[in-house]
Amino acid sequence: WARLESLRFLLEQSDVELSCHQVDLLWEVLESFPDALTRFLRLCADTGRCLSPQARHRVLELLSGPGVRMGILHQISGLDCFLVFFVCVNASEGLVEAAG
């Protein structure tokens with residue numbers, strides 16, 4: 001978890017964003033650790049600076065596809081992560097209005 005936190009810190013402090021390909025690699029590597037994966041992605045979404053717009057779309061796709069098979073959405077952290085990305089992606093597309 002410390003390495004993921006370090007990665008998130010570096011992404012927050014720079015102008016670098018994770019791409020779709022990098023999200024796919026993270027997903028593949030961390031699929032055995034769904035709690036760490038969803039926690040990391042949720043924190044990345046909160047900052048709004050870690051993921052490219054295309055990567056945010058990719059995360060939403062993964063959470064609603066392979067994430068379901070991995071059982072991620074059966075966990076509170078996974079469901080929370082999905083909700084955040086659902087709102088984030090749809091708000092950026094102008095389809096919903098994010099409160100707060």
Side-chain angles (χ1 to χ4, degrees):
W1 174 247
R3 290 181 181 147
L4 287 174
E5 276 292 297
S6 297
L7 174 60
R8 186 176 62 89
F9 176 78
L10 292 172
L11 290 168
E12 286 176 357
Q13 301 304 314
S14 70
D15 291 332
V16 177
E17 296 176 324
L18 292 179
S19 67
C20 290
H21 176 69
Q22 291 165 323
V23 165
D24 286 338
L25 289 174
L26 271 173
W27 189 273
E28 190 177 313
V29 169
L30 294 173
E31 69 184 341
S32 308
F33 307 97
D35 285 334
L37 176 63
T38 54
R39 215 164 121 199
F40 173 75
L41 292 172
R42 171 69 162 86
L43 291 172
C44 284
D46 284 344
T47 67
R49 296 189 60 187
C50 297
L51 302 171
S52 70
Q54 297 83 7
R56 287 193 292 265
H57 280 270
R58 182 66 184 141
V59 170
L60 187 57
E61 289 172 6
L62 289 168
L63 285 170
S64 57
V68 174
R69 289 192 296 279
M70 288 170 50
I72 284 179
L73 297 184
H74 296 134
Q75 306 166 26
I76 294 297
S77 63
L79 197 53
D80 181 53
C81 187
F82 176 81
L83 177 63
V84 166
F85 275 91
F86 179 83
V87 170
C88 182
V89 167
N90 286 294
S92 70
E93 301 274 327
L95 299 173
V96 296
E97 192 173 310

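Numbers here simply count residues along the sequence, with the first being 1.
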Same apolar cluster (I L V M F W Y, side chains within < 4.5 Å links), [X]/[Y]:
| X | Y | result |
| --- | --- | --- |
| Leu62 | Phe86 | yes |
| Val84 | Phe40 | no |
| Leu18 | Phe9 | no |
| Leu10 | Leu25 | no |

Please report the interatomic distance [atom1]([X]) to [atom2]([Y]), rounded to the nearest 0.5 Å.
| X | Y | atom1 | atom2 | answer |
| --- | --- | --- | --- | --- |
| Leu7 | Cys50 | CG | SG | 7.5 Å |
| Cys44 | Leu11 | SG | CG | 6.5 Å |
| Asp35 | Leu30 | CG | CG | 11.5 Å |
| Glu61 | Arg56 | CD | CZ | 13.5 Å |
| Phe33 | Leu4 | CZ | CG | 10.0 Å |
| Leu51 | Leu41 | CG | CG | 7.0 Å |

Which of these passes side-chain contact (heavy atoms from CB on, under 4.5 Å) with Cys81: Thr38, Leu43, Leu37? Thr38
Quick one: does any side-chain atom of Arg49 pair with a main-chain N or O of Glu12 as donor and acceptor, under 3.5 Å? yes
side-chain hydrogen bond (donor to acceptor under 3.5 Å, both in side chains) contacts in which one or both residues fall within residues 20-30, not counting sequence neighbours: Ser19-Gln22, Asp24-Arg58
